[in-house]
Amino acid sequence: MLCYYRDMNNQEIARLLRRVAVAYVINDEKKYRFQIIAYQRAADAIESAVAEISDLYRENKLDTIPGVGASMQQSLTELCKTGEVKHFQTLLASVPPAMFPLLNIPSFGPKKAYRLVTHFHLTDEKTVINDVKKLAEEGKIAELEGFGEKSQGEMLKAIQEFQLVKNVGQRMPLPYANELAQQIITYMKQIPSVEEIYPLGSLRREVETIGDVDLGVGTHDAKAVLDHFVNYPYKTRVLDCGDIGASLLASNGIRVDIKTQSPETFGAMLQHFTGSKDHNVHLREIALKRHVSLSEKGIKDLKTEKMKTYKTEESFYAALDMQWIPPEMRENVGEIELAQKKRLPNLVELKDMKGDMHIHSSFPMEESHDAGQSPIETMLEKAKKLGYSYLAFSEHNPSISKHSQKEVATLIQKRNEHIDKIYSKINSVRVVKMLETDILVNGELAIDNSSLELLDATIVSIHSSFQMDRKAMTSRILKGLSHPKAKIFAHPTGRLINERKGYDVDWEQLFDFCAKNNKALEINAFPSRLDLTDSLIRQARKYHLKFSIDTDSHAVEQMDLMQYGVSVARRGWLSKGDILNCMEYNELIEWLRR
DNA sequence: GCCGTTTTCGGCCCGACTGTTTTCAGTCG
C-alpha cells in the first residue's frame, strides 16, 4: 500500500526523539540512563542544526550531525523513507500520549506526568492540562501517595503561569532582557553586601533571545543578598529560595535566577553559570580525564579530594590548560578544542566598527517601504559621537510603481546633492552614497543602471514574494547580487524573531557566490532581525567572505543598536578582518568598486 | 546510544532545591 506523508521538520524530529527519551525514563530510568542522554543530545543537536534532516538524508550527510551516531542515523533514515520508525513506535506504545503536554510545564517531569495520567486515566492530549488543573483545584492530587498539599498548590500555580505566559509569547529578544537585568542589578546594588554582580547564562553569552535572566553575586553574606532579592518590588512571586540561590518571577513573567558565591571563588561560579550546558558538560568530561571534577565552587582533585578555588574565570580555564574562552563562543561547537590549542580567534569588538552601512534617513526618497525619521545631519552628528569615520546612507529605493526610472534617478541625484552640501559643512564623517534596492521576483534590481551609476554601491534585499521555493529564491538572489553595483545582501534570511520564518535559500551556494564575487552578507543588528544568525555565520565563515554589521536604523537612536550586531558576529566567531565596515574609508571604497 | 590527540571498549557532568520523606526522589539549570 502506498503511503503519502510530509517530511518532518527538525523541530518535529527533535520532539519525537525527546518523547523516545521520556519513554525510556518511564520504562527504566536506571537501565537506560545513557540512552536517555543520547536521545536528548541528539534532539538538541537536530533542533539547532542549520540544515533540515530530510535534506541531509537525501544528500547522504546524516553523519555530519554531532551526537547522531550509527544507530540514530539508521532510525532517521527509516523515518525519512517511511515516515515512521518501528523501534520508536514500540517504545512509545508503552507510554500514554496524554502525558506529553504536561512536560511543557515547569516542575512537571516524566515521573509526575506519568503518575497523574495513569492514575486518573487521562487520555485526551488536548484537555490534559486543564484536567490536571481541575483535579488540583478539587484537592484530589494531594491524596496521592508521594504528593501533598504543597506540591498540589505549586502544581496549580505552575499551570496557571504556564497558561498565562503561553499567551504572551516565550523568549525575550536580547535587548529587552538586558534592560530587565540592568534594573534588577541597580536594585541589588542598593545593599553593600553585594560586592559584585553580573548577568550570567544566555544573557552573558548574548544569545539572540533569552528564556530567563541569570545573575551572579559575589558576597560574604548570602543571606542578606537573597533576602533583598526576594523583596524585589516588581515581581509576581518568589519561586524558590535556598541558602545560596533564589529565583523569582518578574512582573513581565520572566524568571530571574540569582546565585551567590564568595568573591574568592567567583571565577568558578561565573564559569559555571555562564554555560552553555553543552559547553560545561564537555568541559567536565575533559576534566574527568585529568582526574579533576569541576563545579561552581572550584576544581576538585579526585585523588586527594582537595578543592581549589578560582577568583577569576581566566585562572579557572588556565587550570585546565586552556585559553579563556569568550562567553559568546561557549556553545560546544569546537571552541574548547581551539582553546586547548591556544588558537581561539580574536573576536571583533564594538570599538572596531568604523562605520554603519545601512542607514535610512528622513530625506524624502518617496520609497515604498518604511522611510527613516531622522535627518541626514542628525545621523552624521551621531556617527561622529560613535567615533565612526564613515556612514552609508541606504534609504529604500523610490517606489517604482509611482515613479518612472527617470524620476527615480532625479530623486537620487537630489539626495546626493543634499549630502554633498552637508558634507562640505560637517567634514568629519565621510559619507558613502548607497541605497537599499529591492531584488524583484525575476531577479532584476528595482532601479535601472542610470540610477545605479549615481551610487557608490547598493545594498540589495528581498521585500516581496517570500514563499518561492529554494531553487527559485536562490537564483533570484544570485541574479540580483550579480549586478556590479550590488555589494551587500541585507538581512539575508528575512526572518523576524517570533514573527516570521525566513525564506528558503541554498546557503552553501550563496556563500560560495559571495566569496568568489566580492559580495558581503549583512549582519543586521535590528533586535527583531539579528540576521544572519550566529550558526549560519559560523557556516559561512569557512568560505572567507566579508560581512557587514549594520543597524538598519530608521531613527537616530537606533544607531546605538550596533552592539547587538557585534554580539551576533562574535557568536559567529568573526574577527575584525572578516568585517567590511571595520575597514578604513579608503580601503572600503576600493572594495566597493572591486 | 555515543564517542576517542591517553580508549573501537568502557566509560558517560555536577550540584541545588523542594516536598514528602526518616534517607530519598523528582526536577531544574
Asker: Give the rounded distance in Å between these two atoms: CG of Leu103(A) and C1' of dC28(B).
Answerer: 14 Å

Asker: Determine: side-chain N/O of His291(A) to OP1/OP2 of dG11(B), distance under 4.0 Å, yes or no.
Answerer: no

Asker: Establish, with yes or no, whether the OP1 or OP2 oxygen of dC14(B) is under 4.0 angstrom from a side-chain nitrogen or oxygen of Ser295(A).
Answerer: no

Asker: I'd like the C1' distance from dC17(B) over to dT21(B), given in whole Å.
Answerer: 15 Å

Asker: At less than 4.0 Å, is any side-chain N or O atom of Lys289(A) found next to OP1 or OP2 of dT6(B)? Yes or no.
Answerer: no

Asker: Mind checking ring pair (Phe, Tyr, Trp, His ring centres under 6.0 Å) for His228(A) and listing every partner two or more places apart, or none if nothing turns up?
Answerer: Tyr187(A)

Asker: Can you tell me if Ser293(A) touches the phosphate of dC14(B), counting only side-chain N or O atoms and a distance under 4.0 Å to OP1 or OP2?
Answerer: yes

Asker: Per the salt bridge (Lys or Arg N to Asp or Glu O under 4.0 Å) rule, what does the pair list look like for residues 287-304 of chain A, sequence neighbours excluded?
Answerer: Arg290(A)-Asp321(A)

Asker: Please report, rounded to the nearest Å, how far the P atom of dC2(B) is from the CG atom of Leu76(A).
Answerer: 9 Å

Asker: How many whole angstroms separate atom CZ of Arg204(A) from atom C1' of dG29(B)?
Answerer: 17 Å

Asker: Can you tell me how far P in dT27(B) sits from the matching atom in dT20(B), rounded to whole Å?
Answerer: 14 Å

Asker: Please assess Ser276(A) against Asn332(A) for the test side-chain hydrogen bond (donor to acceptor under 3.5 Å, both in side chains), listing each intermediate value before the final yes or no.
Answerer: CA-CA 8 Å; Ser276(A) 63; Asn332(A) 193 32; over 6 Å; no

Asker: Please work out which of the three classes, parallel, tilted or perpendicular, describes the rings of Tyr24(A) and Tyr32(A), given edges at 30° and 60°.
Answerer: tilted

Asker: In whole angstroms, how far is the C1' atom of dG1(B) from the CZ atom of Arg18(A)?
Answerer: 16 Å

Asker: How long is the line joining NZ of Lys297(A) and P of dG15(B), in whole Å?
Answerer: 7 Å

Asker: On DNA chain B, nearest-nucleotide positions of Gln73(A) versus Glu285(A): which is more 5'?
Answerer: Gln73(A)

Asker: With centres under 5.5 Å and planes under 30°, do Phe34(A) and dC2(B) count as stacked?
Answerer: no

Asker: Does the cation-pi check pass for Arg204(A) over Tyr198(A), that is, NZ or CZ under 6.0 Å from the six-membered ring centre and within 45° of its axis?
Answerer: no

Asker: Between dT7(B) and dG11(B), how many Å separate the two P atoms, rounded to a whole number?
Answerer: 14 Å

Asker: When the distance from CD of Glu296(A) to C1' of dC28(B) is rounded to whole Å, what number comes out?
Answerer: 13 Å

Asker: Using the P atom as the point on both nucleotides, what is the distance between dA16(B) and dC9(B), in whole Å?
Answerer: 38 Å

Asker: Could you check whether Leu283(A) gets within reach of a base, just the sugar-phosphate, or nothing at all, counting any heavy atom under 4.0 Å?
Answerer: nothing

Asker: Looking only at side-chain N and O atoms, does Lys259(A) come under 4.0 Å of OP1 or OP2 in dG29(B)?
Answerer: no

Asker: Think Ser247(A) has a side-chain N or O under 4.0 angstrom from the OP1 or OP2 of dC17(B)?
Answerer: no

